[in-house]
Each structure stands twice: as structure tokens, then as C-alpha cells.
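The structure presented is a predicted model; accordingly, all values stated were derived computationally and were not measured. Within every chain, numbering begins at 1; the chains are lettered A, B, ... in the order of the sequence lines, protein sequences first and strands thereafter.
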There are 2 protein chains.
Amino acid sequence: MGRTSDAREKILSAAQSLIELRGYSALGVAEICKTAGVPKGSFYYFFASKEALALAVIDEHWAGQQRTWTRILNSGEEPLQRLRLLFEETEAGQRAGQQGCGTVSGCLFGNLTLELSNHTEAIRARLQEIFDAQVELVDSVIAEALERKEITATDTREAARAVVAQLEGQVLFAKLYNSTHRLGPLWANCLALLGARAPRETVAGV
Amino acid sequence: MGRTSDAREKILSAAQSLIELRGYSALGVAEICKTAGVPKGSFYYFFASKEALALAVIDEHWAGQQRTWTRILNSGEEPLQRLRLLFEETEAGQRAGQQGCGTVSGCLFGNLTLELSNHTEAIRARLQEIFDAQVELVDSVIAEALERKEITATDTREAARAVVAQLEGQVLFAKLYNSTHRLGPLWANCLALLGARAPRETVAGV
């Protein structure tokens with residue numbers, strides 16, 4: 001075991017891998033510590049409870065994903081192209097995960113929403129904040145596309161929710177069928193949801 | 001305790017309620033039997049394992065939902081109206097569940113996909129069959145709408161997957177935000193995904 005600052009990272013990393021493989025409820029603290037290679041005493045030094053660990057895993061995962069989403073969605077590309085890059089990044093991330101562990105692990109936030117949101121309010125609140133932030137990021141790109149008259153959808157908030165819902169739904173299927181090809185149509189579906197003015201030529205370029 | 005035939009139904013019903021509330025992994029056989037009001041010995045008389053119970057819960061739930069989907073999607077209504085009725089039925093079902101237990105429970109199949117598909121292949125296979133059947137039912141309605149030149153989407157299978165993915169994604173949000181209002185935009189989003197020729201007047205009628 002390394003320094004205590006390493007132990008916290010090791011616990012977080014082991015917990016995230018195990019949650020992605022088997023969900024949260026099926027895990028015990030002993031198994032997490034064994035996988036992390038740290039003594040069980042360390043766990044309660046860093047985390048008050050298993051729920052506190054889940055919140056830390058969520059925060060850590062979102063910190064990384066938020067950086068990626070912000071980099072892509074605030075980039076200098078044309079607005080609709082930024083959404084396309086987001087879907088490509090999502091597909092690449094799921095493919096990398098599949099190559100690493102043999103199965104598509106899906107979206108950690110979606111997984112935990114369906115497993116946990118109805119029995120821990122702290123986790124529900126945190127996941128709501130994250131999906132709100134995702135919708136907000138997508139909304140601002142859609143608003144730019146609308147400003148440029150590239151789309152016909154006028155309720156940009158509702159359109160952003162539809163795009164994120166489509167993403168979550170297709171990622172669910174990618175996990176179920178263990179196939180990242182399920183994410184291929186995201187871009188064309190996004191253009192349809194937004195009423196993009198020239199979807200055909202854009203889609204043809206995919 | 002009633003006849004043994006009742007005991008099986010009681011176990012199934014208790015298991016479905018508990019899975020909807022707390023997921024599958026968090027449950028033990030003892031708790032299921034206590035909720036069902038049947039002795040623990042009964043459980044293993046009817047079910048070889050907890051996984052066998054989960055498969056039976058899935059089958060029972062799909063038997064009911066398949067009847068509903070088939071009734072609505074094979075009805076004499078115009079094709080796009082049948083899809084609208086399906087979304088209304090979904091919203092009504094989630095609202096009834098929320099009134100019963102205080103929270104939107106979401107889609108049992110989506111919940112179990114995210115919780116279990118990566119660690120039991122038997123459940124993954126069963127859930128794949130169910131989502132395949134849902135896509136097939138929606139596909140046949142979309143094909144009719146295409147035949148009638150009411151939509152512009154030509155890949156009806158991919159369009160059906162997009163519609164079911166949108167449904168799963170929005171139901172996930174309805175669960176996360178504990179709000180069935182999240183399901184309100186399903187109809188307009190479906191029309192957009194299909195490239196319905198006259199969505200505006202139809203949407204205005206919602």
C-alpha cells in the first residue's frame with residue numbers, strides 16, 4: 001500500500017471498475033478494498049459510508065467527462081459538428097471500455113440512475129445536477145445552431161433533453177447488445193430531432 | 001398461505017415490486033418471501049435460483065406489456081396515432097405507478113438492462129428478445145406510415161430503434177426527476193425522428 005493519498009485513489013478506481021461491471025448494490029466494502037489492494041480500515045478513513053463512496057465515484061467520473069464535453073462543445077467547430085464529435089467521442093470511449101473488459105459498460109450515470117435514484121436521495125440529487133449540466137452544455141450548442149438558422153427546433157431546452165435522452169437510450173442498447181455499432185445512428189437521429197436544415201448531405205459524410 | 005399456485009404468484013408479485021423499488025442485486029430470497037407472505041421453502045419449490053425468479057418476473061411483465069403494445073400498435077387507428085397512443089399509455093402507466101408508491105419506477109427492462117446485462121447472460125438474452133420484439137412492433141407501424149407517405153425516414157428498422165431509444169431515455173429521466181411530465185415530448189420527438197410530413201398540426205393537438 002502506498003501513501004494514504006494513493007489509497008483513496010485506489011479505492012475510487014476499484015469502485016468505479018466494479019460498479020461498471022456489476023452495479024453498486026452487489027458490491028461490498030471488503031471486495032472493493034481487496035480489489036484496490038488497501039486494508040479495510042482505510043476505507044472508513046476516507047469514506048463515511050458506501051453511499052459517500054458512490055458520490056465520490058460519480059464526482060470523479062463527471063469531472064473527467066465534463067472536461068471532455070466542455071472541450072468538444074465549446075470548441076471552434078461549427079455547432080452541429082461539435083455534437084457529431086461528442087457522439088464520436090462517446091462511441092470511442094465505449095469501444096475502448098469494451099476492448100478493456102470485454103463488454104460495453106454503458107453510461108455510469110444512466111446505470112446508477114436506474115439502479116439507485118429511487119432509494120438514495122443524495123445520489124438522485126447529484127445525478128440530476130449532472131444531467132442538468134449535460135443538457136445545459138448541449139442546449140447552448142443548439143441555441144447557436146438555431147441562431148445560425150441551421151435547425152428548425154425552436155425550444156432548444158426540450159431539444160437538448162431529447163438529444164441527451166437519445167444518447168442515453170442508444171447507450172443502453174449498446175450495453176444490452178454489447179455492440180458499439182448501436183451508437184452509429186446518433187448523429188443522424190440528432191439532426192432529425194433538431195430539424196437540421198440540410199441533414200442529408202451531412203449524414204452522407206458520416 | 002393459500003394454494004401453492006397462489007404462492008408462485010405471490011412471490012412473483014412481491015419480487016416485481018421489490019425490484020422496481022430497489023433493483024435486483026439488493027434483494028435477498030428471505031426478504032422476497034417475507035414480503036410475499038410465503039415460507040422460504042416455497043421459493044425453491046418454484047424457482048431454482050434468484051436468476052430464475054428474475055427471468056420469470058421479466059416474462060410475466062413482458063406478457064402484460066406485450067398485450068398492451070400489440071393492442072395499441074395493431075389497432076385500427078392511423079399509424080402515427082397508434083404511436084401517440086403508445087406514449088400516452090406509457091405516461092399513464094408511469095403516473096399510476098408514481099401514485100401507488102410515490103416515485104416513478106421507470107422501465108423494468110431498462111432498469112434490469114443497466115443493472116444486470118453485463119453479469120448474467122441469460123437475462124441479457126431475454127432482455128434482447130424483448131427489446132427486439134418492441135422494435136419489431138414499432139417498425140411495422142412505421143412501415144405503414146412510410147407506405148402512406150406520412151414520413152420521410154426510409155430505414156424503418158433504424159427509425160424504430162431510435163423511437164424505442166428515445167422512449168427509454170425519457171423514461172430514465174422521468175425516473176431520475178420523479179416526473180412523468182418528462183414523457184410529454186415523446187410524441188413530438190417521435191415525429192421529428194420519423195421526419196413526419198405534417199408534424200406541426202399534429203403536435204399542436206397534443
Less than 4.5 Å apart, any side-chain heavy atom of B:Leu183 and any of B:Phe87?
no
Provide the closest heavy-atom pair for B:Ile32 versus B:Ala14 in the form atom of the first, atom of the second, distance.
O-CB, 3.9 Å
Looking only at heavy atoms, the pair that brings B:Pro39 and B:Cys33 closest together is O-SG, 4.3 Å
Quick check: under 4.5 Å, non-hydrogen atoms only, which of residues 89-98 of chain A neighbour chain B?
none
Derivation and outcome, side chain to side chain contact (heavy atoms under 4.5 Å, CB included), residues B:Trp69 and B:Arg82
CA-CA 10 Å; B:Trp69 279 48; B:Arg82 286 179 239 158; over 6 Å; no
Taking 4.0 angstrom as the limit, do A:Glu121 and A:Arg124 come out as a salt bridge?
yes
Which pair of heavy atoms, one from B:Pro79 and one from B:Val141, lies closest together, and at what distance?
O-CG1, 3.2 Å
B:Glu158, part contacting chain A, at a heavy-atom distance under 4.5 Å
side chain
Taking every non-hydrogen pair under 4.5 Å, which of A:Pro185, A:Cys190, A:Gly195 racks up the most with chain B?
A:Pro185
Sort by residue number and list every member of residues 174-181 of chain B having a non-hydrogen atom under 4.5 Å from chain A.
B:Lys175, B:Leu176, B:Tyr177, B:Asn178
Please answer whether the main-chain N or O of A:Val38 pairs with a side-chain N or O of A:Ser42 as donor and acceptor at a distance below 3.5 Å.
no
Go through the atoms of A:Glu115 and report whether side chain, backbone, both or neither lie under 4.5 Å from a heavy atom of chain B.
both
Which atom pair, heavy atoms only, marks the closest approach of A:Leu86 to A:Ile72?
N-CG2, 3.7 Å
Among residues 102-114 of chain B, residues within the sub-4.5 Å heavy-atom range of chain A, in order of number, are B:Thr103, B:Val104, B:Ser105, B:Gly110, B:Asn111, B:Thr113, B:Leu114
Do side-chain atoms of A:Ser13 reach the backbone of A:Glu9 as a donor and acceptor pair under 3.5 angstrom?
no
I'd like to know if the side chain of B:Ser140 and the backbone of B:Leu137 have a donor-acceptor N/O pair within less than 3.5 Å.
yes
Heavy-atom proximity to chain B below 4.5 Å, by part of A:Phe131
both
Measure distances from A:Arg161 to the heavy atoms of chain B and classify the residue's part below 4.5 Å as side chain, backbone, both or neither.
both
Side-chain contact test, heavy atoms from C-beta onward, threshold under 4.5 Å: evaluate it for B:Gln166 versus A:Leu193 and give yes or no.
yes
How far apart are the C-alpha atoms of A:Glu88 and A:Leu85, what are their side-chain angles, what is the distance that settles it, and do they pass the side chain to side chain contact (heavy atoms under 4.5 Å, CB included) test?
CA-CA 5 Å; A:Glu88 288 176 358; A:Leu85 290 169; 3.7 Å; yes
Minimum side-chain heavy-atom gap A:Glu144-A:Glu78 below 4.5 Å
no
Using a 4.5 Å heavy-atom cutoff, which residues in residues 48-59 of chain A come close to chain B?
none
Nearest heavy-atom approach of A:Ala15 to A:Leu27 is O-CD1, 4.4 Å
Heavy-atom count around A:Gln66 CD within 6.0 Å, excluding the residue itself: above 12?
yes
Calculate, to the nearest 0.5 Å, the distance between atoms CG and CG belonging to B:Leu194 and B:Leu146 respectively.
10.0 Å
Going through the distances and angles, do A:Glu77 and A:Arg84 end up as a side chain to side chain contact (heavy atoms under 4.5 Å, CB included)?
CA-CA 10 Å; A:Glu77 297 285 334; A:Arg84 177 179 172 172; over 6 Å; no
Would you mind reporting whether A:Gln170 and B:Glu168 have side-chain heavy atoms less than 4.5 Å apart?
no
Within the structure provided, determine whether A:Trp187 and A:Gln81 are in side-chain contact (heavy-atom separation under 4.5 Å).
yes
